[in-house]
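I have placed the structure first, in the form of structure tokens, so that the comments after it can refer back to it.
The figures that follow rest on heavy atoms only: side chains count, while hydrogens, waters and symmetry mates do not. Both counts, for ligands and for their atoms, begin at 1 and track the order of listing. Note that the numbering runs from 1 along the sequence shown for the chain.
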Amino acid sequence: MKKLKTALFCLLLAGLQTNAQSMKPIYLDNSQPIERRVEDALSRMTLEEKVALCHAQSKFSSHGVPRLGIPEIWMSDGPHGVREEIQWDSWGNAGFTNDSCTAYPALTCLAATFNPEMSHAYGVAIGEEARYRRKDILLGPGVNIYRTPMNGRNFEYMGEDPYLASVMVVPYIKGVQQNGVAACVKHFALNNQEEWRGHINVNLSDRALYEIYLPAFKAAVEEGKVWSIMGSYNQLRGQHCCHNDLLLNKILKTDWQFDGAVVTDWGGAYDTKQAALNGLDIEMGSYTNGLSSKAKFGYEDYYLAKPFLDLLKKGEVPVSVVDDKARRVLRLIFRTAMTPNRPYGRFVCEDHSATARKVAEEGIVLLKNDKQFFPVPVGKYQRIAVIGENATRSVTEGGGSSTLKVKYEVSPLDGFISKYGKEHVTYSMGYASGPSLYDREEPSKLNADSLIKAAVETAKNADVVYFVGGLNKNHFQDAEGGDRKNYSLPYGQDKLIDAILKVNKNIAIILISGNAVSMPWVKDVPAIVQTWYLGSEGGNAIANVLSGAVNPSGKLPFSFPKKLEDNAAHSFGKIAYPGDSINEYYKEDILVGYRWFDTKKIAPQFAFGYGLSYTTFEYGKITTDKTTYKADETVKVSFTLKNTGKVDGAEAVQVYASQPKASVIRPAKELKAFKKVFLKAGETQTVSVDVKVKDLAFYNEKNMSWTVEPGEFVLRNAASSAEVKSSVAIQVK
Ligand code: BGC
């Protein structure tokens with residue numbers, strides 16, 4: 001009897017549970033497909049609730065649906081670390097003490113690794129930090145193309161080549177999103193300068209748009225399956241990019257079938273009807289009605305807030321428009337905050353430091369190394385003079401929205417001291433930048449001549465000089481909101497280098513920057529290293545590479561021109577860059593970066609794809625599996641690579657393609673494949689890469705589609721865009 005009672009009780013309980021489960025609204029039921037949950041949630045929402053999803057509720061968050069228990073969306077910059085907490089209503093920091101993050105190398109460095117595995121590791125690690133900090137969207141990565149070395153934000157992007165940026169952006173996104181955090185690829189599109197970024201109207205050909213400026217975004221959407229994308233501040237063909245019909249409705253949402261949410265750049269919306277109809281989903285950072293003071297400013301005034309609701313109520317905008325936006329935002333929430341089994345993330349841990357250091361070490365580029373200046377192993381020199389402000393300056397702070405509050409940052413000087421020992425290292429500042437990040441170009445209060453004098457004294461008494469200079473994150477250097485004013489090194493560094501050279505020629509120039517700079521001293525110095533902004537582990541990574549603990553393998557993700565006018569955009573004068581303040585014309589068209597240098601036969605100072613190693617590599621002749629291909633086939637390219645030196649090392653091999661005879665201009669060569677190959681000293685490997693014939697196409701403006709013109713194509717294996725090893729011709733039918 002007792003058994004029967006228990007059984008009946010259990011049955012009743014099970015029945016109740018089933019009932020309770022079936023009562024659970026579909027949108028809360030994790031076992032249901034996301035699309036069903038989205039539709040269910042949408043069907044329960046009022047018009048007001050749908051509109052609320054489309055705009056900010058604070059500086060870095062947007063509404064959920066409180067009545068239905070659907071959470072808010074929390075966002076954070078991006079792209080090199082998770083930014084400190086910001087106040088609800090202003091840009092000021094919120095004063096938290098638990099938000100000091102790990103700083104990862106800037107994306108120029110990541111691109112310089114030429115290693116998609118590094119990109120994935122980076123994405124996973126930064127995604128974990130974003131998740132731990134309870135962010136739903138990480139505002140990055142950035143993939144605007146490096147068009148001019150003057151762009152203050154190049155350091156946040158992945159270089160000048162659309163293929164490199166496309167390959168590198170995808171694993172970053174996947175790594176971030178596996179944490180249940182959305183990546184937000186930015187800035188879509190053509191935000192290639194900071195000067196007049198809020199309104200400059202970019203005029204360019206369809207070919208340049210599709211071949212150069214869009215591919216990385218396309219890869220982010222189609223291959224990376226990115227969940228959100230940020231519009232850019234500038235205009236394209238007379239329309240702001242945050243509500244640009246061509247970019248958002250036609251290309252992104254129709255052609256590429258993007259199913260995520262389009263977020264404005266902060267304050268990038270200008271008009272309710274356009275924002276409603278031209279593809280924007282979430283409006284952030286607006287100062288509507290021309291108001292900018294907190295007292296007068298209300299989130300309800302946003303273009304996609306009450307004014308949007310009014311248009312919907314009047315029937316001037318169909319309800320289907322807000323439904324589409326709400327669907328996208330809900331989908332984003334279900335993919336992030338409401339996803340089951342979302343991991344919890346991790347924050348500032350040894351693994352993250354190790355990832356930051358590894359990316360930094362792989363991204364550092366050795367540009368010049370006469371008579372094997374480097375490596376400088378521990379014990380080789382007794383007296384090492386370290387000169388230059390960047391040896392001690394924080395480079396994780398500043399630069400605009402990517403600024404970071406870090407748990408720690410190892411400076412180059414710290415790195416040298418721990419590597420070589422305190423007793424062997426002497427530091428002298430040498431030059432000084434403005435006293436604060438925001439002091440624009442105001443000179444430092446420190447006396448330049450006495451700084452030089454002291455540095456020269458230090459250099460005179462040293463066995464070797466490590467000059468650590470470059471740019472920094474001050475306004476008008478590598479920073480958001482302004483472009484550089486000069487191509488040369490700032491703060492009198494050229495003069496300082498000359499003065500040092502007079503007393504000590506055993507000097508290495510270690511450049512910290514996200515941009516190319518002119519190098520009037522290039523022939524006079526035996527060694528040059530490009531080290532980017534490397535984040536928390538920067539000093540350790542630099543010391544590891546320079547001492548030989550790590551063999552450098554980074555390659556330049558953009559060309560270094562000898563002089564600014566050699567760069568494509570600059571060779572057309574002001575109308576091509578920065579424009580006449582209203583319009584700008586991309587006259588160089590598709591010939592951006594090395595495409596320009598190669599096609600016009602202008603020698604750069606250092607070419608795209610270039611970088612030295614402590615070992616040497618011998619390339620075998622390039623071969624293909626066949627000689628004739630159809631348009632839907634893949635060319636299997638292979639060649640041998642031998643490490644002919646005495647140390648283990650890695651080489652980023654590159655394969656470029658060209659079509660010598662075509663009905664349109666084609667660049668002298670274009671990157672179509674690359675691979676980072678790790679080889680032990682003396683080891684040989686056969687390198688195999690695929691090139692799809694369809695990727696040899698150009699964008700045909702006549703019929704607005706990609707066209708592969710039949711005929712001969714030449715494939716080349718190369719160590720850089722300027723160092724071709726061998727070539728092979730194929731026929732495409
Ligand atoms: C930047 C974005 C950034 C946003 C939020 C804007 O000024 O252009 O890249 O994500 O601010 O900080």
- Item | Proximity of Arg197 to ligand 1 by residue part, where a heavy atom lies under 4.0 Å | side chain
- Query: If you measure from each non-hydrogen atom of Lys186 to ligand 1, which part falls under 4.0 Å: side chain, backbone, both or neither?
  - Reply: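 It is the side chain that touches ligand 1; the backbone stays farther off.
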- Short list, please: which atoms of ligand 1 are under 4.0 Å from a heavy atom of Arg83? 12 (O)
- Item | With Asn515 via side chain to side chain donor-acceptor pair (under 3.5 Å) - residues at least two apart | Tyr146, Asn154, Asp478
Which residue supplies the protein heavy atom nearest to [atom], what is that atom called, and how far is it?
{"atom": "atom 12 (O) of ligand 1", "value": "Asp77 OD2, 2.5 Å"}
{"atom": "atom 7 (O) of ligand 1", "value": "Glu480 OE2, 2.7 Å"}
{"atom": "atom 6 (C) of ligand 1", "value": "Asp265 OD1, 2.9 Å"}

- Message: Would Trp266 count as a polar contact of ligand 1, with the cut-off being nitrogen or oxygen pairs under 3.5 Å?
- Response: no
- Query: By salt bridge (charged side-chain N to carboxylate O under 4.0 Å, His left out), which residues pair with Asp99, not counting sequence neighbours?
  - Reply: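 Only Lys405 meet the salt bridge (charged side-chain N to carboxylate O under 4.0 Å, His left out) criterion with Asp99.
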- Is the closest heavy-atom distance from Arg153 to ligand 1 below 4.0 Å?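 Within the 4.0 Å threshold, so yes.
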- Query: Does ligand 1 have any atom sitting under 4.0 Å from a heavy atom of Glu156?
  - Reply: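 Per 4.0 Å heavy-atom rule, Glu156 does not contact ligand 1.
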- Task: Answer yes or no for Arg147 and Tyr586: cation-pi contact, defined as NZ/CZ to six-membered ring centre under 6.0 Å and angle to ring axis within 45°.
- Result: yes
- Would you kindly say whether Ser559 and Glu160 are connected by a side-chain donor-acceptor distance under 3.5 Å? yes
- Message: Using a 6.0 Å cut-off, check whether atom OH of Tyr344 has over 12 heavy atoms from anything other than its own residue.
- Response: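 Count not over threshold, so no.
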- Query: Is it true that atom OH of Tyr132 has more than 12 heavy atoms of other residues, nucleotides or ligands lying nearer than 6.0 Å?
  - Reply: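 No - once you tally the heavy atoms of other residues, nucleotides and ligands closer than 6.0 Å, there are 12 at most.
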- Item | Interatomic distance, Ile73 atom CD1 to Ser61 atom OG [nearest 0.5 angstrom] |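 Atom-to-atom, Ile73:CD1 and Ser61:OG are 9.5 Å apart.
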